[in-house]
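If you're wondering where the values come from, they're calculated on a predicted model, not measured in any experiment. Excluded from the calculations below are hydrogen atoms, water molecules and symmetry mates; all remaining heavy atoms, backbone and side chain alike, are included.
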Amino acid sequence: MKKIVLIFTALIVALLSLFQLSKYSYMAGESKIEIVIAVIAVIFFILGVYLNKKSLHSEKPSDNEIDQSQIDAIGLSKREYEVLIQIHKGFSNKEIAEHLFLSESTIKTHVSNILVKLDAKRRTQAIQKAKALQILPS
C-alpha cells in the first residue's frame, strides 16, 4: 500500500512540474518544450494504465471459506441454512418462499429458528453473527 501511495505521489509531483514547465514555455514563447511535455504525459498515461492493471485487477486470495463445523455446532438444518443465505442476499420472507418453493409461514418458522439458534433478535443481527462465525461469505 505504501508503494502505491509513493508512486502516485511521485506522479502528482511530476504532473505539477509539467504544469510549471508548460507555463514557462508559454511565457518564453518556446514551442519545443511542448513536445517534451506531450511525450512525458504519454509516458505517465501508460505508466498509470500499467499500475492500474497490476494493482487493481490482481487476484485476491479468498477468505470466504465456509466453516461447516460451525454450522453443525449451531444446529442449523440444511433448509435453515438455505433460508439464512437468502436472508443474507436481502430477500423478504415472501421472496424466499417463492425462491425455495415453500409457504411463507414455513419461512417464518425457519427464520424464527435461525434467530433462536444464532441468539439474535433481528435478521441483521443474525447475519452479523453468521459472518462472525464464518458460516456466510463476508
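K108 places no side-chain N or O within 3.5 Å of a backbone atom of N93 that could act as its donor or acceptor partner.
For Q68, the side chain to side chain donor-acceptor pair (under 3.5 Å) test picks out no residue, with sequence neighbours left out. Applying the side chain to side chain contact (heavy atoms under 4.5 Å, CB included) rule to I127 yields the partners L84, I87, H88, K131, L136; only residues at least two apart in sequence or on another chain are considered. Qualifying side chain to side chain contact (heavy atoms under 4.5 Å, CB included) partners for S77, counting only residues two or more places apart in sequence or in other chains: R79, E80. Take L16 and apply the side chain to side chain contact (heavy atoms under 4.5 Å, CB included) test, not counting sequence neighbours, and it matches I12, F19. Listed by chain and number, the residues in a side chain to side chain contact (heavy atoms under 4.5 Å, CB included) with T106 are L102, S103, H110 (sequence neighbours excluded). Contacts of S69 classified as side chain to side chain donor-acceptor pair (under 3.5 Å), with partners at least two apart in sequence or in another chain: D67.
Annotation: the span from Q86 atom CD to K89 atom NZ amounts to 5.0 Å, rounded to 0.5 Å. Note that CZ of F101 and CD1 of I96 are 14.0 Å apart. Values are rounded to the nearest 0.5 Å. Considering CG of L76 and CG of N113, their distance stands at 9.0 Å, rounded to 0.5 Å. Here S112 contributes atom OG and K117 contributes atom NZ; the two are 10.5 Å apart, rounded to the nearest 0.5 Å.
Contacts classified as salt bridge (Lys or Arg N to Asp or Glu O under 4.0 Å) and involving residues 90-100 (residues at least two apart or in different chains) are not found.
Across every non-hydrogen atom of Q70 and I135, the tightest pair is CB-CG2, 3.6 Å.
The closest side-chain heavy-atom distance from L115 to K121 is not below 4.5 Å. Proximity of I66 to Y81: side-chain heavy atoms (C-beta onward) are separated by under 4.5 Å at one or more points. Counting only heavy atoms from C-beta outward, the side chains of L133 and L118 approach each other to under 4.5 Å.
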